[in-house]
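Input: a single structure, listed below in C-alpha cells.
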Amino acid sequence: MSTELISEGVVSETVGEGFYSARELTYIRPQKRRLSEYEAVICNAQPDLDQFDSGGWYLLRPDGLGCQDARTTALVHPNWFQYRDPSSLWQRPYIKLQAQQERSIQGAITSAKVNGAFGDIAPAWLDLVSRYYEAFASFQWGMFKAHAFVTREALSDTLSMTYTFSGMDRLRHQQDIALYSLDLHEHAPGYTEGAGAEAWLNDPACQGARRLVERLLSLQDWGEMVLMTNLVVEPLFTALIGSEFFRRLAPLHGDVVIPVIEMTAEADRLRNRTATQELIKMLTADTDRTGRPVPAARNRELVQGWVDSWYPDALAAVDAFLPVFDAAPAGSGVGERARQRVVSSTADILERACLRVPAAVTS
C-alpha cells in the first residue's frame, strides 16, 4: 500500500494492504484498533498544512494569518487532529439525540395544556419566569454566538464538530425558553411575555451574566473560550440559574415543564464538559499518540491562569443572581445553599482537570 495515503504515525503493516472494507479509510489513524463511523465521517475533513496539505494557503487574512492558524490559541499540541469526542457524535446521531430531547419537552407541554396544569402555576412564579427565564434565553443566545467563533478557528475537524454541537445546544435551549414563554402567554393567566429583554439589559441580577457573555464574545483565543465555558462559567453560573433556581424551584410553584427543559440542558452540559475534560487530558499528557512531547506543564499553567481570571467574574454573576431566590415564595433562604453546591461542584470539576479554584477567591 502506498505510504502517501497513510497519516503520520500509522504503520502500514498494522493496517494491511488496501481496505478492510469500503467503509474503512486507512489514511485515518483510528483511536482504537478499528476505525469508527464517527472517525470515518469527520476526520481529515479540515485542511491543515502540518498534517496532509502543502503549498501554503491561497488567501491570507488581513492580519496575515492563514485559513487555519496555530496562533488562534495560546495552547500548544503537536497534532490537534488526535482529539476525539468521547460521545462520538456526528450529525445524524446528534440530530437523533436532540430530537429525543425535544419530544420529551413537547410531551410535557402538551400534557400541561390538556390537564390544565398551566393554571396551577403560582402567579409570583410566573412573574419570575417572565423576567428571568426569558433573560436566561439571552444568556444562552450569547453563548451560542461565542461558540460560532470556535467553529471557525478550532484547529481540527473533530474539535470543530464537537463545539459546533455545543453551540447548537445553547441555541436549542434558548429557543425552548422562547417557545415555552409563548405557551405561557397563551395558557397561563397573568403571564406577561417579553419582560426578559428589559431584565437582561437593566436588572442588577442579570448584569454579572451579561459581563460573562460579553467577555466570551470578545475573546480571540478559541481554546480559552471552550475551556472557561465548560470548566468555570457553566458549572458555576449556568448550573446555579438553570439547575438550582429554575429546575429545583419550578415544581414547588406548580410549574411542571421547566424541570423537563432544564434536565435536557443539564444532559447537554454534562456531555460538553466530558468533551472538554478529554481536551484537557490531551493537552496535559506527556506525549501525543505518536510519542511526540506535549508542553503539558506550560498548557496547565496557561489554563490555570485563565481559571484565576474567569472564576471571580463567574462567582460575581452567581452572587448577583442570589437575591432572586428570595423573591420566589419557596426560595427564601435557599440561595446560599445553592451557591455552596455549585461552588463545591466546580471545585471538583477543576480538581479532576488538575486545576484549582483561585487562592485569592473566598468562597
Side-chain angles (χ1 to χ4, degrees), residues 127-147 149 166-167 169-170 173-174 177 195-219 221 224-250 258 262 265-266 269 272-273 305-328 331-347 349-350 355 357-363:
D127 291 341
L128 293 173
V129 170
S130 69
R131 189 164 183 83
Y132 296 109
Y133 207 39
E134 289 189 21
F136 192 29
S138 296
F139 175 80
Q140 293 291 2
W141 174 259
M143 296 292 282
F144 160 69
K145 292 285 286 183
H147 277 77
F149 164 74
S166 182
D169 292 341
R170 275 68 178 197
H173 194 208
Q174 176 267 320
I177 295 172
E198 191 280 329
W200 178 249
L201 294 174
N202 300 304
D203 194 309
C206 299
Q207 300 319 297
R210 274 189 65 198
R211 174 178 173 82
L212 287 175
V213 166
E214 291 175 12
R215 187 177 175 191
L216 287 169
L217 286 167
S218 71
L219 286 178
D221 189 309
E224 182 178 2
M225 188 326 207
V226 299
L227 294 180
M228 293 305 98
T229 291
N230 291 288
L231 298 179
V232 177
V233 174
E234 296 273 64
L236 196 55
F237 175 73
T238 311
L240 179 97
I241 188 171
S243 301
E244 296 292 338
F245 185 77
F246 283 111
R247 178 176 63 77
R248 286 180 179 268
L249 295 185
I258 281 182
E262 288 307 313
E266 287 172 350
R269 290 200 297 271
N272 292 320
R273 185 165 66 247
W306 289 340
V307 172
D308 293 346
S309 175
W310 279 90
Y311 191 96
D313 278 357
L315 190 62
V318 166
D319 290 337
F321 191 80
L322 286 184
V324 182
F325 280 83
D326 292 330
S332 181
V334 173
E336 189 55 40
R337 293 196 298 275
R339 183 186 190 273
Q340 291 172 2
R341 282 192 291 269
V342 296
V343 165
S344 176
S345 174
T346 303
I349 290 167
L350 291 173
L355 301 166
V357 174
V361 176
T362 301
S363 299

remark   = Nearest heavy-atom approach of L219 to W310 is CD1-CZ2, 3.9 Å

ask   = If you take all heavy atoms of A317 and A209, which pair is closest and at what distance?
value = CB-N, 3.8 Å

task = Could you give me the CA-CA distance, side-chain angles and deciding distance for E198 and R131, then say whether salt bridge (Lys or Arg N to Asp or Glu O under 4.0 Å) is met?
result = CA-CA 8 Å; E198 191 280 329; R131 189 164 183 83; 2.8 Å; yes

task = Using a 4.5 Å cut-off on heavy atoms from C-beta on, say whether the side chain of D203 contacts that of Y132.
result = yes

message = Let me confirm one number: the CG-NE2 distance from L216 to H147, rounded to the nearest 0.5 Å.
response = 8.5 Å

task = Evaluate side chain to side chain contact (heavy atoms under 4.5 Å, CB included) for L128 paired with V324, printing each intermediate quantity in order.
result = CA-CA 8 Å; L128 293 173; V324 182; 4.2 Å; yes

remark   = To the nearest 0.5 Å, atom CG of D221 lies from atom CE of M228 at 10.0 Å

task = Using a strict cut-off of less than 4.0 Å between a Lys/Arg side-chain nitrogen and an Asp/Glu carboxylate oxygen, indicate whether R247 and E266 qualify as a salt bridge.
result = yes

inquiry  = Under a plain distance cut-off of 3.5 Å, with no hydrogens placed, do Q207 and R210 share a side-chain donor-acceptor pair?
reply    = yes

key: Closest non-hydrogen atom pair, A135 against A199   = CB-CB, 4.4 Å

note = One should read off an interatomic distance between E262 CD and F245 CZ, to the nearest 0.5 angstrom, of 11.0 Å

ask   = With distance as the sole criterion, is a donor-acceptor pair present between the side chains of S309 and R215 under 3.5 Å?
value = yes

ask   = Given L231, which of V307, L355, L236 fulfils the side chain to side chain contact (heavy atoms under 4.5 Å, CB included) condition?
value = L355

query = At what distance, to the nearest 0.5 angstrom, does CG of D313 lie from CZ of R211?
reply = 4.0 Å

message = H173 vs M143, test: side chain to side chain contact (heavy atoms under 4.5 Å, CB included). Steps then yes/no.
response = CA-CA 11 Å; H173 194 208; M143 296 292 282; over 6 Å; no

Worked check of side chain to side chain contact (heavy atoms under 4.5 Å, CB included) between F136 and T238 = CA-CA 9 Å; F136 192 29; T238 311; 3.9 Å; yes

request  = Just do the salt bridge (Lys or Arg N to Asp or Glu O under 4.0 Å) check on E244 and R341 with the steps written out, would you?
outcome  = CA-CA 9 Å; E244 296 292 338; R341 282 192 291 269; 2.7 Å; yes

request  = Please step through side chain to side chain contact (heavy atoms under 4.5 Å, CB included) for the pair F246 and I177, ending with a clear verdict.
outcome  = CA-CA 12 Å; F246 283 111; I177 295 172; over 6 Å; no

ask   = Do the ring centers of F139 and F237 come within less than 6.0 Å of each other?
value = yes

ask   = Is the closest side-chain heavy-atom distance between V343 and Y311 below 4.5 Å?
value = yes

query = Taking all non-hydrogen atoms of both residues, which atom of P235 and which atom of V342 are closest, and how far apart?
reply = O-CB, 3.7 Å

inquiry  = Is any side-chain heavy atom of R170 closer than 4.5 Å to one of T229?
reply    = yes

message = So, taking the atom named CZ in R248 and the one named CD1 in I258, what distance separates them when rounded to the nearest 0.5 Å?
response = 15.5 Å

ask   = Quick one: do the S243 and R269 side chains pair a donor with an acceptor below 3.5 Å?
value = yes

query = What pair of heavy atoms forms the shortest contact from L249 to A328, and how long is it?
reply = CD1-CB, 4.2 Å

remark   = Between the CG atom in N230 and the CE atom in M225, the distance rounded to the nearest 0.5 Å is 8.0 Å

task = Please name the pair of heavy atoms, one in V213 and one in G142, separated by the smallest distance, quoted to 0.1 Å.
result = CG1-CA, 3.6 Å

task = Would you indicate whether the side-chain heavy atoms of F325 and L240 approach each other to under 4.5 Å?
result = yes

task = Side-chain contact test, heavy atoms from C-beta onward, threshold under 4.5 Å: evaluate it for R339 versus D319 and give yes or no.
result = yes

